[in-house]
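The basis for the numbers below is simple: all heavy atoms, side chains too, and nothing from hydrogens, waters or symmetry mates.
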Amino acid sequence: QVQLVESGGGLVQAGGSLRLSCAASGRTFSSYAMGWFRQAPGKEREFVAGINWIGIRTYYVDSVKGRFTISRDNAKNTVYLQMNSLKPEDTAVYYCNVVSDYNDYTALDSWGQGTQITVSS
C-alpha cells in the first residue's frame, strides 16, 4: 500500500493558478498510474486527471481540459497538478491516488487527507 500526502491547496481568486503536489511512499511509485480526484461539498468524488507510469499518457475530465496539467517526477515519487484559469466550480478537496490506468478512475489505495482548493469569484 502507498501513503499519499497532498499539498499546495489554498484560497485563490477566479482566473488564478495553483500547483498541487502529491508525495507517495510505500510502493514502487514509478510502476503505477496516478490520478487526481476532487470532491466538492455535497457531491461525489470526481476523477479529474490521470497519468501513466512513465508520464507520457494523460487524461483529463472535460471540465478541466486546457486548464489543468498533470505531471510526475518518478525520481521524487511525486505527482503534480498545475491548475490555471481557476473557476469557482473548481472549489473542492483534491486528492491523489494510484489508479488502474491513466484513464481509469478506479482508485487502488487508501485516500490521503486531501488539500482544499477554494476559488473565489
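The line from OG1 of Thr58 to CE of Met34 is 15.0 Å long, rounded to the nearest 0.5 Å. Taken to the nearest 0.5 Å, the CD atom of Gln3 stands 4.5 Å off from the OG atom of Ser25. If you take CZ on Arg67 and OG on Ser85, they are separated by 7.0 Å, rounding to the nearest 0.5 Å. Ser21 contributes atom OG, which lies 9.5 Å from atom NZ of Lys76 (distance to the nearest 0.5 angstrom).
Contact detail for Leu18 and Leu86: the closest heavy-atom pair is N-CD1, 3.9 Å. Minimum heavy-atom separation, Leu20 to Trp36: CB-CH2, 3.6 Å. Taking each heavy atom of Phe47 and Ala49 in turn, the nearest pair found is CE1-O, 3.2 Å. Between Gly35 and Val99, the shortest heavy-atom contact is N-CG2, 3.9 Å. The two residues Gln113 and Leu4 have their closest heavy-atom pair at OE1-O, 4.0 Å. Pairing each heavy atom of Asp104 with each of Ser100, the nearest pair is OD2-CB, 3.5 Å.
Considering only heavy atoms from C-beta on, Glu46 comes within 4.5 Å of Ser63 through its side chain. You'll find the side chain of Val64 reaches within 4.5 Å of the side chain of Arg38, heavy atoms only. Taking the side chain as every heavy atom from C-beta outward, Met83 and Tyr94 approach each other to under 4.5 Å. Tyr102 is listed as a side-chain neighbour of Tyr59, based on a closest heavy-atom distance under 4.5 Å. Considering only heavy atoms from C-beta on, Ile70 comes within 4.5 Å of Val79 through its side chain. Using a 4.5 Å heavy-atom cutoff, the side chains of Phe37 and Asn97 are in contact.
A cation-pi arrangement is found for Arg72 relative to Phe29, the charged atom lying closer than 6.0 Å to the ring centre and inside a 45° cone about the ring normal.
Thr78 and Asp73 share no donor-acceptor pair across their side chains, judged by distance under 3.5 Å alone.
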request  = Verify side-chain contact (heavy atoms from CB on, under 4.5 Å) between Leu11 and Gln116, making sure each step is shown before the conclusion.
outcome  = CA-CA 8 Å; Leu11 174 64; Gln116 174 72 49; over 6 Å; no
query = Where do Arg57 and Asp101 land on the salt bridge (Lys or Arg N to Asp or Glu O under 4.0 Å) test, with the steps shown first?
reply = CA-CA 10 Å; Arg57 294 189 182 275; Asp101 204 348; over 6 Å; no
query = Which is it for Trp53 and Ser31 under the side-chain contact (heavy atoms from CB on, under 4.5 Å) test, yes or no, and what are the steps along the way?
reply = CA-CA 5 Å; Trp53 68 278; Ser31 298; 5.8 Å; no
key: Working for side-chain contact (heavy atoms from CB on, under 4.5 Å), residues Arg19 and Leu81   = CA-CA 6 Å; Arg19 189 194 195 204; Leu81 187 66; over 6 Å; no
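Between Lys65 and Asp62 a salt bridge is recorded (basic side-chain N to carboxylate O distance below 4.0 Å).
Tyr95 has its ring centre less than 6.0 Å from the ring centre of Trp111.
The closest donor-acceptor contact from the side chain of Glu44 to the backbone of Gln39 lies at 3.5 Å or more, if one exists at all. Judged by distance alone, the side chain of Thr91 and the main-chain N or O of Thr118 form no donor-acceptor pair under 3.5 Å.
A continuous path of Ile, Leu, Val, Met, Phe, Trp and Tyr side chains, each step under 4.5 Å between heavy atoms, connects Phe68 with Tyr105, placing both in one hydrophobic cluster. Put simply, Val48 and Val119 are part of the same group of oily side chains (I, L, V, M, F, W, Y) that touch within less than 4.5 Å, one to the next. Hydrophobic clustering keeps Tyr32 apart from Val5 (ILVMFWY residues linked when any side-chain heavy atoms are closer than 4.5 Å, directly or through intermediates).
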